[in-house]
Q: 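Below you'll find the structure I mean.
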There are 4 protein chains.
Amino acid sequence: MPTAKKKTTVSATPERRRELLNTAAEVFAAQGYNATTVRRIADEAGMLAGSLYYHFDSKESMVDEILSTFLTELWDGYDAVLAAGLGPRETIEALVTESFREIDRHRAAVAIYQKESKHLAAQPRFGYLTESQQKFEKAWLGTLERGVADGAFRADLDIRLTYRFVRDTVWVAASWYRPDGHHSPEEIARQYLSMVLDGIARRD
Amino acid sequence: MPTAKKKTTVSATPERRRELLNTAAEVFAAQGYNATTVRRIADEAGMLAGSLYYHFDSKESMVDEILSTFLTELWDGYDAVLAAGLGPRETIEALVTESFREIDRHRAAVAIYQKESKHLAAQPRFGYLTESQQKFEKAWLGTLERGVADGAFRADLDIRLTYRFVRDTVWVAASWYRPDGHHSPEEIARQYLSMVLDGIARRD
Amino acid sequence: MPTAKKKTTVSATPERRRELLNTAAEVFAAQGYNATTVRRIADEAGMLAGSLYYHFDSKESMVDEILSTFLTELWDGYDAVLAAGLGPRETIEALVTESFREIDRHRAAVAIYQKESKHLAAQPRFGYLTESQQKFEKAWLGTLERGVADGAFRADLDIRLTYRFVRDTVWVAASWYRPDGHHSPEEIARQYLSMVLDGIARRD
Amino acid sequence: MPTAKKKTTVSATPERRRELLNTAAEVFAAQGYNATTVRRIADEAGMLAGSLYYHFDSKESMVDEILSTFLTELWDGYDAVLAAGLGPRETIEALVTESFREIDRHRAAVAIYQKESKHLAAQPRFGYLTESQQKFEKAWLGTLERGVADGAFRADLDIRLTYRFVRDTVWVAASWYRPDGHHSPEEIARQYLSMVLDGIARRD
DNA sequence: CATGAATGAGCTTTCATTCAT
DNA sequence: CATGAATGAAAGCTCATTCAT
């Protein structure tokens with residue numbers, strides 16, 4: 001029998017943490033990180049502002065945990081896709097689909113990531129945001145280049161422009177996506193891919 | 001030489017206002033409205049925080065003027081396009097091109113609009129943001145529907161999804177666009193349109 | 001000895017509020033509302049300016065609570081007098097006596113009321129000041145008229161002028177009254193009434 | 001013909017000064033000294049805030065001039081009365097009448113004096129306010145004492161209380177007095193004196 | 001004389017954070 | 001674990017005042 005390390009308290013601490021982080025993420029997403037007061041989060045969680053500091057070191061450490069948890073999960077998915085040895089078109093399809101799944105699961109975190117990562121990344125503590133973004137860029141750019149090389153994608157497009165186009169196109173969806181909708185993430189992904197890959201104009 | 005009496009100072013009054021608004025817009029775009037302090041804007045403008053209040057009523061009235069000026073100009077362009085009686089595909093092309101021109105001219109304002117309009121629109125003073133957005137939606141949705149009807153666009157796409165796709169695709173560009181680049185707005189518009197209309201996959 | 005567990009600190013919550021309001025009232029009365037800084041009140045209360053905002057919403061809400069509390073108590077007393085069915089002279093005597101009692105208990109609030117009510121009343125929030133003043137006028141004017149009618153008061157005086165005379169005469173006392181004096185409020189009231197009713201000239 | 005010293009400008013400088021001071025006095029009286037902004041006075045005078053500083057050193061010097069001018073005139077009148085060798089009752093009558101005349105001529109200044117003199121007197125510059133008040137007290141108290149001694153006034157009254165009563169009674173009138181009324185200052189004085197000297201109760 | 005623009009001190013208020021209970 | 005009360009830094013804004021033109 002393993003020794004009961006730490007806390008005999010029944011109320012599983014990590015559960016509470018996650019609940020609180022979900023609450024915080026929702027508020028951050030809705031109002032923006034800076035505009036969100038710790039009091040507001042506490043209100044939403046049914047406690048007083050000061051009480052949050054039992055669970056977290058600071059407001060900053062809350063976003064930190066929200067974002068890093070999200071990115072960890074995101075990369076779990078991405079890495080699996082990238083390791084699967086698919087062709088460029090299939091890789092893009094899988095990455096986009098995976099992205100919409102993440103938006104579905106972590107809508108708030110994604111929204112926060114979109115709005116705040118640029119200025120958060122300035123702080124050393126959030127260095128992983130920059131790292132992630134670079135890894136991200138490498139994965140997408142590489143796949144696009146591979147696709148152009150093997151003829152899956154058109155050769156006449158500016159590759160960086162295309163990268164930005166596809167990237168933004170996907171993630172901005174977090175700003176309007178509502179999980180209660182009738183579109184599953186896979187369904188939305190399929191439609192997006194259809195537009196991105198084949199265009200909206202009718203083919204003759 | 002008797003020319004140019006008076007005012008070696010460049011700052012005729014309305015000029016100064018515009019200068020200051022440009023400065024403010026740049027900072028708002030870079031740091032976000034809430035995170036931007038009035039002191040920071042003043043620093044950038046080479047004056048003290050209090051001095052800004054000689055020119056503007058409040059921080060809020062600064063964004064207000066920035067956004068409303070931008071939207072006025074935007075709609076001048078859009079209305080001209082919409083009144084031109086073009087076909088759906090040409091209308092989309094013209095709107096997208098016009099949009100990139102606006103991004104070129106008002107990059108900061110567009111970035112602010114993207115990031116802040118959602119929560120600013122909550123205040124009555126910024127009601128015109130909502131109005132503009134509705135007019136915008138109507139123009140784009142209408143054009144897309146027309147295009148589907150007359151066979152210019154594919155009939156198998158979710159029209160609202162497509163609207164969001166095209167809309168986001170264009171405006172998000174403001175977040176990375178730098179006017180000093182080697183791409184003219186028209187050039188970028190052409191590339192974007194090529195992707196949006198015909199897709200990135202190679203046609204057989 | 002088991003008695004008096006907990007809280008050697010006197011400050012049960014509502015007590016603290018009252019303490020702070022007393023402090024604030026004293027400063028407002030001494031320096032005027034506008035001229036009083038929140039910092040000054042906080043100093044006097046032994047805390048930092050920001051800390052006051054844990055207890056009160058704003059400087060304005062402090063005067064609000066000070067004045068409304070005072071007026072509530074004042075009208076408790078006045079209403080009792082007016083409901084007692086006394087003759088006009090006795091009513092005036094009772095109102096004046098009651099007034100001096102209020103000056104005794106709420107000297108600071110009365111002084112604030114005197115100095116600030118006129119411009120505070122302009123704001124909707126302080127509408128009750130105007131209401132109170134109208135009720136006040138009605139009560140006094142009515143009593144004076146009754147007194148003239150039944151012969152208790154001289155018929156040859158301008159009734160509005162008399163009203164102002166008596167009203168001011170009483171309340172201005174708040175500007176110099178110091179409760180630690182040797183005059184009880186009742187004593188002062190008696191003297192005032194003697195002057196107001198019978199005049200300062202010797203009767204033949 | 002005396003040489004035109006200083007300024008050939010037609011617009012008699014001292015006139016302008018007086019106009020501006022009247023304007024300032026009116027605003028100070030209406031809003032209180034602290035609450036009055038220099039901008040407001042300038043607005044009312046049809047100029048910009050900075051321009052006032054051509055005429056006056058500071059906001060403070062404006063009240064200073066307003067109050068000292070008023071007090072100079074007041075004491076001209078008072079001194080004449082006191083030097084006239086009247087009996088106590090006649091002296092009181094004359095002082096009260098003179099006071100109402102001053103209220104008529106300098107309503108704004110009197111109102112300012114009432115509201116602000118206490119805290120202005122704290123500054124050395126306004127030392128004359130304290131002096132004036134002491135001279136004032138001496139004149140009134142002395143007259144009242146004389147009146148009690150020679151039987152003109154009742155002997156059973158607290159003399160200081162009586163002093164305050166009469167003093168306040170007169171000056172507070174400035175807070176409601178409007179010169180455009182149908183009551184001349186002499187008429188109001190007569191009524192006040194009637195109340196103060198003989199009381200408002202009917203004599204048998 | 002007046003304007004336009006700026007200064008700088010100080011004000012009210014907000015808010016993340018701390019900590020004894 | 002949570003509360004109540006406080007801290008302290010910083011924010012937006014106001015205003016008397018200055019001064020070159």
Q: Separation of B:Arg40 atom CZ from F:dG12 atom P, in whole Å?
A: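 In whole Å, F:dG12 P lies 13 Å from B:Arg40 CZ.
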
Q: Can you tell me if C:Arg16 touches the phosphate of F:dA6, counting only side-chain N or O atoms and a distance under 4.0 Å to OP1 or OP2?
A: yes

Q: When the distance from CG of D:Leu52 to C1' of E:dG4 is rounded to whole Å, what number comes out?
A: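 After rounding, the reported distance stands at 15 Å.
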
Q: Supply the atom-to-atom distance C:Glu116 CD to C:Leu67 CG, rounded to the nearest 0.5 angstrom.
A: 8.5 Å

Q: Starting from C1' on E:dT13, measure out to CE on C:Met62 and report it in whole angstrom.
A: 10 Å

Q: Where along nucleotides 16-21 of chain E does protein come under 4.0 Å, by heavy atom, of base (B) or sugar-phosphate alone (S), with - for untouched nucleotides?
A: SBB---

Q: Which pair of heavy atoms, one from A:Leu71 and one from A:Ser132, lies closest together, and at what distance?
A: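 Taking every non-hydrogen atom into account, CD2-OG, 3.6 Å.
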
Q: Check whether any side-chain N or O of C:Tyr54 sits under 4.0 Å from OP1 or OP2 of F:dA5, and answer yes or no.
A: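 Yes, because at least one side-chain N or O of C:Tyr54 sits under 4.0 Å from OP1 or OP2 of F:dA5.
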
Q: If I take atom NE2 in residue A:His55 and atom P in nucleotide F:dC1, what distance separates them, rounded to the nearest angstrom?
A: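 Interatomic distance, NE2 of A:His55 to P of F:dC1: 6 Å.
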
Q: Are C:Glu60 and C:Phe126 packed together at the side-chain level, in the sense that at least one heavy-atom pair is separated by less than 4.5 angstrom?
A: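 Yes, close enough: below the 4.5 Å cut-off.
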
Q: Whole angstrom is fine here: how far is it from CG in B:Asp64 over to P in F:dG12?
A: 17 Å

Q: In whole angstrom, give the distance that lies between atom CD1 of D:Ile41 and atom C1' of F:dC15.
A: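 Taking CD1 of D:Ile41 and C1' of F:dC15, I get 12 Å after rounding.
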
Q: Atom CG of B:Asp43 and atom C1' of F:dA11: how far apart are they, to the nearest Å?
A: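 About 14 Å, once rounded to whole Å.
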
Q: Would you sort out whether B:Arg16 and B:Glu19 count as a salt bridge (charged side-chain N to carboxylate O under 4.0 Å, His left out), showing the intermediate values?
A: CA-CA 5 Å; B:Arg16 191 76 178 108; B:Glu19 272 175 44; 3.2 Å; yes

Q: Quick test of your reading: applying side chain to side chain donor-acceptor pair (under 3.5 Å), list the pairs with at least one residue in residues 33-44 of chain C, sequence neighbours left out, ordered by first then second residue.
A: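 Pairs touching residues 33-44 of chain C that pass the test: C:Arg40-C:Glu44.
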
Q: Where does DNA chain F pair, written as one dot-bracket string 5' to 3', with Watson-Crick or G-U pairs under 3.5 Å, ( ) inside the strand, [ ] for crossing pairs and | for another strand?
A: .||||||||||||||||||||

Q: Measuring from the side chain of D:Leu48 (C-beta onward, heavy atoms only), which nucleotide among E:dA2, E:dG4, F:dC1 has the closest atom?
A: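 That would be E:dG4.
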
Q: What is the distance, rounded to the nearest whole Å, between atom CE of C:Met47 and atom P of F:dA5?
A: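 Value for this atom pair: 10 Å.
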
Q: For the residue pair D:Ala174 and D:Ala111, what are the closest heavy atoms and their distance?
A: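 In terms of heavy atoms, the two residues are closest at CB-N, 4.3 Å.
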
Q: Less than 4.5 Å apart, side chain to side chain, heavy atoms only: is that true for B:Ile112 and B:Phe70?
A: no

Q: For a 4.5 angstrom cut-off between non-hydrogen side-chain atoms, does D:Tyr113 reach D:Ile66?
A: no

Q: Using only atom types and a distance under 3.5 Å, with no angle test, would you say the side chain of B:Ser58 pairs donor to acceptor with the backbone of B:Ser61?
A: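 Pair found, side chain donor or acceptor close to backbone of B:Ser61.
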
